[in-house]
Every structure is written in structure tokens, then in C-alpha cells.
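All remarks here apply to the structure that follows.
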Amino acid sequence: MTCLSDGRAHDVPDVEFTRASGHYQAICGHTVYAAPMVEPDGKPCQLCTEMWELNHEQQRVGRFGRLSG
């Protein structure tokens, strides 16, 4: 979701959308004020990208550990 205040595309967990408040908490901790959804995404937030990759790597390793253990 692109933020009006910084123009970056942030990763926002689905549960945040249930709040329907117009601002949401991204996985990087940034408060995102939603830009119109008809506009193209802004430049990706580097911290969101790194956190998403780390989380998915941990999930992959966790599944492999359970299968091989």
C-alpha cells in the first residue's frame, strides 16, 4: 500500500484493513496513510521488503526443520 506521507509502497498485514480507519501499521512500523488505490504503487519500502524476506525465510527453514527432524 502506498503511503501519502512518504510515497513508498509498504507491506501492510491483512488484519490492519479490518480497522478501516484510513491509516494502517506497516510491518516496518510506519503508519501508512493510504494513497488512492487507482495510482501505481510507489517505490517499495526497503525495511518492509527486508522484514518480509526474513519472515518468509524463517517460515521456510521452520518447515524444513520439522520435516527433517
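Count residues from 1 along the sequence.
Ser5 has its side chain out of reach of Val32: every pair of non-hydrogen atoms, C-beta onward, lies at least 4.5 Å apart. Between Thr31 and Gln25 there is a side-chain heavy-atom pair separated by less than 4.5 Å. The side-chain heavy atoms of Met51 and Cys28, taken from C-beta on, include a pair separated by under 4.5 Å. Residues Ile27 and Pro13 form a side-chain contact, since some pair of their non-hydrogen atoms from C-beta on lies under 4.5 Å apart. Side-chain contact check for His30 versus Cys3: some heavy-atom pair is nearer than 4.5 Å.
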Go through Tyr24 and His10 one step at a time and tell me if the side-chain contact (heavy atoms from CB on, under 4.5 Å) criterion holds.
CA-CA 10 Å; Tyr24 309 94; His10 293 271; over 6 Å; no

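Of all non-hydrogen atoms in Ala9 and Asp41, the two that sit nearest each other are CB-CB, 4.1 Å. Closest approach of Arg8 to Cys45, counting heavy atoms only: CD-CA, 4.2 Å.
Atoms CG and CD, on Asp11 and Glu50 in that order, are 11.5 Å from each other to the nearest 0.5 Å. Atom CH2 of Trp52 sits about 9.0 Å away from atom OG1 of Thr49, to the nearest 0.5 Å.
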